[in-house]
Amino acid sequence: LFSAVKNKGAFCNEKKIQVNQNKDLYSSKYGISSSEMKKLKKYECFNQDNTIRMGSIAYKIALVAKGTMDVAISFTKKNDWDIAAADLILKEAPSKESARSIPLLKLVTNLPFLAIVVATFCNNWVLFTFISYMPKYVNSDISIGGLGLSLESDAFLILIILPAVIGVISLLVGGFIVDTLIKQGLKVIVARKLFNSIGFFGAGVLIYLIPHQTSVEITLILLCLINFCIGMAAGGFGVNHADIGPNYTGNLFGIAGSIGMIAAVFSPLAAGFILENTNSWFLIFNISTIVLFFGGLFYLFFSSANKQFD
């Protein structure tokens with residue numbers, strides 16, 4: 001017999017109950033009715049071996065509150081009176097487990113995680129080089145590989161703003177496309193590596209071409225395509241943390257991002273040093289290409305979508 005009182009807890013046979021803190025969807029136990037099992041099979045993220053078949057949605061939710069199951073699934077519309085009591089029981093059942101500490105020793109030797117770290121570092125190297133020095137490149141004299149545009153010209157504003165807008169759109173669209181392809185049956189790791197490769201290798205080639213251009217129009221097209229490619233890469237390394245460590249996603253994202261910020265500090269310094277000593281943009285763009293290719297290859301060979309940290 002399940003019961004609950006608002007702000008006083010949830011109970012089963014007068015014993016207090018608590019939900020599990022399992023954040024890994026694939027290893028979770030699911031409750032679903034037999035009639036809806038066929039609908040579940042098309043979703044790769046669910047492990048069919050972990051399903052418990054039962055009809056009552058309220059009972060399924062109550063078992064989640066008790067910790068017997070992790071997920072209650074239904075694909076059909078429910079009425080308020082079907083789930084109101086179970087909803088209160090679930091809300092009054094706090095988590096059984098406190099947050100677990102991240103296994104740092106395993107973390108620093110794990111190649112799939114290092115693939116994310118390297119990709120983040122390389123992406124940030126190029127990103128912050130462009131953020132810091134793109135205005136100077138557009139304004140620099142043609143004789144040293146710049147475009148020679150006035151900072152007050154309309155063309156200058158377009159070259160700075162339009163590629164950034166394209167990058168934001170690509171970031172949103174890329175994530176949607178990746179999710180759609182995975183739902184339609186594409187393996188998660190294939191999707192991650194495919195879109196990461198589009199981002200890193202595509203942008204790397206396009207960056208190499210930029211200093212060889214004298215046309216403002218072609219340069220604008222290249223910059224837009226570069227930002228489009230980099231936006232697509234977010235569907236690769238950018239969300240891979242949740243695949244390899246669903247219980248540590250925030251920690252993994254924070255550690256990788258922190259290491260990536262080292263590139264944000266040193267890449268502008270390196271670009272400034274190169275310009276001061278060589279007065280040429282060719283080397284800066286060539287280094288960016290090499291960095292992207294290295295990051296893309298490292299991720300391609302060592303990334304994984306399998307859970308690495310329990």
Side-chain angles (χ1 to χ4, degrees), residues 21-32 36-51 64 70-77 112-113 115-120 122-124 127 163-203 224-257 260 292 295-296 298-309:
Q21 200 190 28
N22 186 4
K23 297 180 181 179
D24 178 24
L25 190 59
Y26 192 77
S27 65
S28 296
K29 294 180 181 179
Y30 322 104
I32 186 171
E36 294 186 307
M37 274 297 296
K38 290 183 179 179
K39 296 179 181 179
L40 187 67
K41 290 180 179 179
K42 66 180 181 179
Y43 296 100
E44 185 180 292
C45 57
F46 293 106
N47 184 350
Q48 310 297 320
D49 296 331
N50 290 346
T51 55
V64 172
D70 301 299
V71 183
I73 301 175
S74 179
F75 294 100
T76 58
K77 184 178 180 181
F113 175 66
I116 296 174
V117 172
V118 169
T120 303
C122 293
N123 179 77
N124 281 4
L127 175 63
V165 173
I166 295 297
V168 172
I169 295 173
S170 174
L171 184 67
L172 298 174
V173 173
F176 175 78
I177 294 174
V178 171
D179 289 342
T180 301
L181 291 174
I182 292 174
K183 288 179 181 178
Q184 290 179 349
L186 184 65
K187 289 185 177 181
V188 175
I189 188 58
V190 174
R192 298 281 182 257
K193 290 186 176 183
L194 173 62
F195 278 76
N196 202 79
S197 296
I198 290 173
F200 279 67
F201 300 138
C224 289
L225 290 174
I226 288 168
N227 281 20
F228 175 82
C229 289
I230 291 177
M232 287 291 168
F237 80 95
V239 292
N240 198 192
H241 318 73
D243 301 323
I244 66 172
N247 293 327
Y248 305 100
T249 301
N251 291 330
L252 296 177
F253 190 88
I255 294 171
L292 282 177
F298 197 95
Y299 187 86
L300 186 63
F301 284 114
F302 299 114
S303 63
S304 173
N306 296 325
K307 186 169 69 171
Q308 305 293 312
F309 309 105

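All heavy atoms count here, side chains included; hydrogens, waters and symmetry mates do not.
Minimum heavy-atom separation, V118 to G295: CG1-CA, 4.1 Å. Closest approach of G260 to T120, counting heavy atoms only: CA-CG2, 4.0 Å. Taking both residues in full, the closest heavy atoms of V64 and D70 are given as CG1-O, 3.7 Å, listed atom of the first, atom of the second, then distance. Closest approach of I198 and C229 over heavy atoms only: O-CB, 3.6 Å. Among all heavy-atom pairs drawn from C224 and I166, the shortest one is O-CG2, 3.4 Å. A pairwise comparison of heavy atoms in V188 and A305 identifies CG1-CB, 3.6 Å as the closest pair.
A side-chain donor-acceptor contact under 3.5 Å links T180 to the backbone of F176.
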Under the side chain to side chain contact (heavy atoms under 4.5 Å, CB included) rule, what do N240 and N196 come out as? Steps first, then yes or no, please. CA-CA 10 Å; N240 198 192; N196 202 79; over 6 Å; no

Please report the C-alpha distance between L127 and I230 in whole Å, then the side-chain angles of each, then the deciding distance to 0.1 Å, and finally whether the side chain to side chain contact (heavy atoms under 4.5 Å, CB included) criterion is met. CA-CA 9 Å; L127 175 63; I230 291 177; 5.9 Å; no

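Atom OG1 in T249 sits 8.5 Å away from atom CG in D243 (nearest 0.5 Å). Atoms CD1 and CD, on I116 and Q308 in that order, are 9.0 Å from each other to the nearest 0.5 Å. Taking CD1 of I73 as the start and CD1 of I32 as the end, the distance is 5.0 Å to the nearest 0.5 Å.
Considering only heavy atoms from C-beta on, S197 comes within 4.5 Å of L300 through its side chain. Here the side chains of N251 and H241 are not in contact, with every heavy-atom distance at 4.5 Å or above.
Of the listed residues (F298, F195, Y299, F237), just one forms a ring pair (Phe, Tyr, Trp, His ring centres under 6.0 Å) with F200, and that residue is F237. Test I177, V178, N227 against M232 for side-chain contact (heavy atoms from CB on, under 4.5 Å) and you get one pass: I177.
Counted within 6.0 Å of CZ on F253, heavy atoms from surrounding residues, nucleotides or ligands total 12 or fewer; the atom is thus considered open.
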